[in-house]
Protein chains: 2
Amino acid sequence: MSKYHHGDVRNVLLREAETILRKEGPGGLSLRRLARLTGVSEAAPYRHFDGKDGILAAVAIAALKRFGDRLEETAKLALPHEERIIALGAAYVEFAIEHPQHFRLIFGRERPPLDQYPDLRDAADSVFDILQRSVTNLDQRGDMTLADAANAYNRALAAWSRAHGIATLVIDGMISPPLDQPIQQFVFGLLAEDLGIPASLQNPKK
Amino acid sequence: MSKYHHGDVRNVLLREAETILRKEGPGGLSLRRLARLTGVSEAAPYRHFDGKDGILAAVAIAALKRFGDRLEETAKLALPHEERIIALGAAYVEFAIEHPQHFRLIFGRERPPLDQYPDLRDAADSVFDILQRSVTNLDQRGDMTLADAANAYNRALAAWSRAHGIATLVIDGMISPPLDQPIQQFVFGLLAEDLGIPASLQNPKK
DNA sequence: TGCGTATGTTAACATTATTAACATACATAA
DNA sequence: TTATGTATGTTAATAATGTTAACATACGCA
């Protein structure tokens, strides 16, 4: 009977880390507790991951993958372009509300440094690519001028910022979706809110 | 010659905490290091603050005060209502970029729990009040219907979300203001970006 | 069979937040 | 002035953390 060598420690650690993170967030994830819960020695995780950041990076990459898949699904819906932007923003916010800790891990300050984890950077870039392509609708428009492209990029950033702001404010407890209406409706309302930007300040192009 | 009793430890601690936080953020602020730098014993801070969260709360309250003052200044400018909203958003984002750690402390996950520090909650509420009053322009409109009020509240939330999203994405390194144009211009561009929300999704009122 | 590498382990180190137990200065009432 | 209580220090202890070093075992493969 082997005294150790569980055979699958890496995956067990990852799954356990997932459930801890879901409850307590990146800060609450302690390597030693993780090891204890996994039933493995306190130094074992270091054989499979590059320390705490390594584990967080692995979890973040998995989360980004799921996030990206979800956004892509939404982006594929047969919708008018403007409505698709709204739907994307709603999916974005819903993900944040359903998985606040993952969302924080992906975007927040405790995210492992992108330049130390290239896979993490790639995963993050890929999600932004989905957003950008969907919002600017690059696929159907090979004939854009440079100015159009800059414009499209700005529109993507603006849409992203709006969704991101709602998501962040909600999960950080600064605003609370009203209890008497479905969250979807609340998010749609905010995303579609027309701010009445004066023409004098609007982008001169278009 | 007295062996201790510096006379002003609380303020010295606060100022030292400020400079540490500015460089390293809430997570990097260690009570022991703070005490060492202040030239005081490691347990001394506990005589003046309710532990680490207490210090963070005090710093956050001061930061919120400055933040609020700045927003209020902007809100007082003689501008058309819509342009004032843009200016407020810009001031909001500029504060975040100039003081990212303070901004994080105010809004992020490491903020001490609001229900344990009523003064902190009051300070935060007061800032949101400024935003809300300015965006909805409540002062000049005593004649609003209930629906109007709800609408105004939503407009405030939407404007706030947009600015908050830009601020958060920038200080978390997800987007970078272009180097070849002033930050102000970048922020204005994003805030004023017209997303082309379809009429079918716009708020039926108005 | 033997050897190298991957995967475990235990033990140690440095750091952290917090609290208890004790010491000193100061303010104020007698 | 003296006495006493409170505010403000200190040192020392506890419990937890990330990380690394030194050592042990299992497995894959020549």
Side-chain angles (χ1 to χ4, degrees), chain A residues 1-21 23-60 101 105 108-113 116-117 120, chain B residues 1-21 23-60 101 105 108-113 116-117 120:
Chain A
M1 216 48 355
S2 54
K3 240 173 57 191
Y4 43 75
H5 197 260
H6 309 223
D8 195 30
V9 177
R10 196 194 138 98
N11 285 329
V12 181
L13 281 173
L14 261 188
R15 282 195 296 113
E16 197 69 45
E18 269 280 348
T19 75
I20 294 181
L21 181 107
K23 279 184 285 195
E24 325 212 8
L29 192 158
S30 133
L31 275 197
R32 302 177 94 115
R33 196 153 62 93
L34 170 61
R36 276 196 303 274
L37 288 181
T38 308
V40 92
S41 87
E42 294 176 340
Y46 289 89
R47 298 294 176 193
H48 300 276
F49 297 96
D50 176 20
K52 184 171 184 175
D53 272 357
I55 296 188
L56 290 181
V59 175
Q101 307 290 11
L105 177 59
R109 190 196 27 64
E110 317 211 38
R111 179 190 57 206
Q116 256 171 67
Y117 297 89
L120 181 54
Chain B
M1 214 54 346
S2 56
K3 240 174 56 190
Y4 44 76
H5 196 260
H6 308 224
D8 194 31
V9 177
R10 196 194 138 98
N11 285 328
V12 181
L13 281 173
L14 259 188
R15 282 194 298 113
E16 197 69 45
E18 269 279 349
T19 77
I20 294 180
L21 181 108
K23 281 185 284 196
E24 326 211 7
L29 193 159
S30 133
L31 274 197
R32 302 179 91 113
R33 197 151 64 89
L34 171 61
R36 275 196 304 273
L37 288 180
T38 309
V40 91
S41 87
E42 294 175 339
Y46 289 88
R47 296 295 175 191
H48 300 276
F49 298 95
D50 176 19
K52 184 171 184 173
D53 272 357
I55 295 188
L56 289 181
V59 175
Q101 307 291 10
L105 176 59
R109 191 195 31 65
E110 318 211 37
R111 179 191 56 208
Q116 256 171 66
Y117 297 90
L120 181 54

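Chain A is the first sequence line, chain B the second, and so forth, proteins listed ahead of strands; every chain is numbered from 1.
For Ala43(B) and Tyr46(A), each mapped to the nucleotide of DNA chain D holding its nearest heavy atom, the one lying further toward the 5' end belongs to Ala43(B).
Taking atom CD1 of Ile55(B) as the reference point, atom C1' of dT16(C) lies 14 Å away to the nearest angstrom. Distance CG (Leu13(A)) to C1' (dT7(C)): 12 Å, rounded to an integer number of Å. For Glu24(A) and dA16(D), the CD to C1' distance is 14 Å, given to the nearest whole Å. Taking atom CD of residue Glu110(B) and atom P of nucleotide dA17(C), one finds them 12 Å apart after rounding to whole Å. Rounded to whole angstrom, the span from the CG atom of Leu37(B) across to the P atom of dT15(C) amounts to 14 Å. If you measure from atom CD of Glu42(B) to atom C1' of dT10(D), you get 11 Å, rounded to the nearest angstrom. Nucleotide dT20(D) holds its C1' atom 17 Å from the NZ atom of Lys52(A), rounded to whole Å.
Between the side chain of Arg32(B) and the base of dA17(C) there is at least one donor-acceptor pair of N/O atoms closer than 3.5 Å.
In this structure, Arg36(A) reaches the dT17(D) phosphate: one of its side-chain N or O atoms is under 4.0 Å from OP1 or OP2.
Using a 4.0 Å heavy-atom criterion, one finds that Ser30(B) contacts the sugar-phosphate atoms exclusively. When heavy atoms are screened at a 4.0 angstrom cut-off, Leu29(B) is found touching the sugar-phosphate backbone but no base atom.
Side-chain N or O atoms of Lys23(A) include none that pairs as donor or acceptor with a backbone N or O of Gly28(A) at under 3.5 Å. Between the side chain of Thr38(A) and the backbone N or O of Val40(A), no donor-acceptor pair lies under 3.5 Å.
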*Under the side chain to side chain contact (heavy atoms under 4.5 Å, CB included) rule, what do Phe49(A) and Leu31(A) come out as? Steps first, then yes or no, please.*
CA-CA 11 Å; Phe49(A) 297 96; Leu31(A) 275 197; over 6 Å; no

